[in-house]
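Okay, structure first, notes after.
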Amino acid sequence: GLAAVAATSARPEPAARLLAAAIALREQLGVSATPDEGARNDRVLASLRGRLGEPALAALLTSGRAMSVNDAVAEAWSVVQDVTSVPRSG
């Protein structure tokens, strides 16, 4: 998902928050991740842990789990704009 894309970008912090927000929302709705989604989430978390370190990742995951849906959508939109923007020359 978008968290996986963000995790490979220059901004891993939003990736951690978005992944945690998505996991929390699934839990609230009682919807389990598919095995493929679970494996992808594990890979993203491992990557983020390597880039951010455990203390920073834990804080970001806590922050993400507490996000409202509106805040998560706003953060996701920000990530989309960042990863799809084309540097302008000039």
Side-chain angles (χ1 to χ4, degrees):
L2 185 56
V5 172
T8 63
S9 75
R11 295 180 49 209
E13 294 83 0
R17 286 189 295 266
L18 288 173
L19 182 59
I23 291 169
L25 182 59
R26 280 184 171 280
E27 290 171 358
Q28 290 170 7
L29 296 174
V31 177
S32 299
T34 67
D36 287 342
E37 289 169 330
R40 183 188 63 226
N41 290 349
D42 290 344
R43 288 190 305 273
V44 170
L45 284 169
S47 172
L48 291 169
R49 190 170 286 109
R51 292 182 70 190
L52 297 166
E54 188 61 37
L57 177 59
L60 290 163
L61 293 176
T62 298
S63 173
R65 290 184 69 79
M67 290 176 88
S68 70
V69 172
N70 287 341
D71 288 344
V73 169
E75 180 119 55
W77 181 242
S78 175
V79 168
V80 168
Q81 290 176 318
D82 284 350
V83 299
T84 60
S85 66
V86 177
R88 297 173 196 237
S89 61

Inter-residue atom distance [X].[atom1] - [Y].[atom2], 0.5 Å rounding:
X   : Y   : atom1 : atom2 : value
L45 : R43 : CG    : CZ    : 11.0 Å
L18 : L25 : CG    : CG    : 12.0 Å
L60 : L52 : CG    : CG    : 6.0 Å
M67 : E75 : CE    : CD    : 4.5 Å
L57 : E13 : CG    : CD    : 10.5 Å

Residues R51 and P12: closest non-hydrogen pair is NH2-CD, 3.7 Å

Going only through I, L, V, M, F, W and Y residues with side-chain contacts under 4.5 Å, is there a path from L19 to V31?
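No, because L19 and V31 fall into different hydrophobic clusters, even though each may have its own neighbours under 4.5 Å.
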
For R65, the salt bridge (charged side-chain N to carboxylate O under 4.0 Å, His left out) test, sequence neighbours excluded, returns E27

Applying side chain to side chain donor-acceptor pair (under 3.5 Å) to E54 and not counting sequence neighbours gives R49

query = Can you name the residues that form a side chain to side chain donor-acceptor pair (under 3.5 Å) with S32, not counting sequence neighbours?
reply =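 For S32 there are no side chain to side chain donor-acceptor pair (under 3.5 Å) partners, ignoring immediate neighbours.
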
(Q) Any heavy-atom pair between the side chains of I23 and L61 that's under 4.5 Å? (A)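 In short, these two side chains do not touch, never coming nearer than 4.5 Å.
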
